[in-house]
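Here is the structure we will look at.
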Amino acid sequence: QVQLVESGGGLVQPGGSLRLTCVASGFTFSRYVISWYRQAPGKECELVASITTVGSTNYADSVKGRFTISRDNAKITVYLQMNSLKPEDTAVYYCKAVPGNYWGQGTQVTVSS
């Protein structure tokens, strides 16, 4: 059974940091591109960052220089380190695996004072 389980979300003040974790199971993780998406209330889902099978990364302009995506194939895990958080980063964050179009259930990130 394919599963992606996100964790690490929470409430943080502006300027703070969080690290999201996505743990995979049920498929050959090392062969998949893994991405983080987010969806804020009333807004469309947007790509935040992605990492290929060989570790190449891509980021949305809005998070460049603040967020870092990484993967540990031995731990079947992808991380999203988020620094210098802003209120506009508030959203539910999801991880996605391609091919297969597998999604996790999401984790809520709220940036507020």
Side-chain angles (χ1 to χ4, degrees):
Q1 180 182 359
V2 171
Q3 272 196 314
L4 292 168
V5 180
E6 302 97 333
S7 62
L11 173 63
V12 63
Q13 292 187 343
S17 297
L18 284 173
R19 188 176 80 157
L20 304 184
T21 299
C22 173
V23 180
S25 61
F27 61 99
T28 309
F29 178 79
S30 61
R31 297 180 182 177
Y32 284 68
V33 174
I34 307 297
S35 301
W36 285 98
Y37 284 76
R38 67 186 181 187
Q39 186 163 26
K43 294 188 176 181
E44 293 186 356
C45 191
E46 64 170 342
L47 175 65
V48 175
S50 60
I51 186 164
T52 70
T53 57
V54 295
S56 298
T57 58
N58 182 58
Y59 297 93
D61 287 344
S62 59
V63 307
K64 280 181 181 176
R66 299 189 297 123
F67 290 11
T68 302
I69 188 171
S70 61
R71 68 191 296 162
D72 185 335
N73 288 340
K75 295 182 178 180
I76 51 174
T77 300
V78 169
Y79 305 98
L80 185 67
Q81 178 66 44
M82 306 186 296
N83 299 328
S84 303
L85 283 162
K86 305 175 181 180
E88 51 263 43
D89 295 317
T90 295
V92 179
Y93 285 70
Y94 302 88
C95 62
K96 175 185 175 182
V98 175
N101 199 30
Y102 306 136
W103 290 85
Q105 83 291 346
T107 186
Q108 175 71 48
V109 171
T110 303
V111 184
S112 174
S113 55

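Position 1 is the first residue of the sequence; numbering continues from there. The model shown is predicted, which means the values in this text are computed figures rather than measured ones.
- Proximity of the aromatic rings of Phe27 and Tyr102 is defined here by a centroid distance below 6.0 angstrom, and this criterion is met.
- Gln81 meets the side-chain hydrogen bond (donor to acceptor under 3.5 Å, both in side chains) test with Asn83; sequence neighbours excluded.
- Looking at heavy atoms from C-beta onward, Tyr93 lies out of side-chain contact with Tyr37 at the 4.5 angstrom threshold.
- Judged as a salt bridge (charged side-chain N to carboxylate O under 4.0 Å, His left out), and not counting sequence neighbours, Lys43 has no contacts.
- Contact annotation: the side chain of Ile69 approaches that of Trp36 to within less than 4.5 Å [non-hydrogen atoms, C-beta and beyond].
- Proximity of a side-chain donor or acceptor of Glu6 to a complementary backbone N or O of Gln105 within less than 3.5 Å is detected.
- Applying the side-chain hydrogen bond (donor to acceptor under 3.5 Å, both in side chains) rule to Glu88 yields no partners; only residues at least two apart in sequence or on another chain are considered.
- Sorted pairs that involve residues 71-80 and meet salt bridge (Lys or Arg N to Asp or Glu O under 4.0 Å), not counting sequence neighbours, are lacking altogether.
- Listed by chain and number, the residues in a side-chain hydrogen bond (donor to acceptor under 3.5 Å, both in side chains) with Thr52 amount to none (sequence neighbours excluded).
- Using a 4.5 Å heavy-atom threshold, the side chains of Leu80 and Thr68 count as separate.
- For residues 31-42, every residue pair satisfying the salt bridge (Lys or Arg N to Asp or Glu O under 4.0 Å) rule, not counting sequence neighbours, is listed here: Arg38-Glu46, Arg38-Asp89.
- Counting heavy atoms from C-beta on, the side chains of Ser35 and Leu47 come closer than 4.5 Å.
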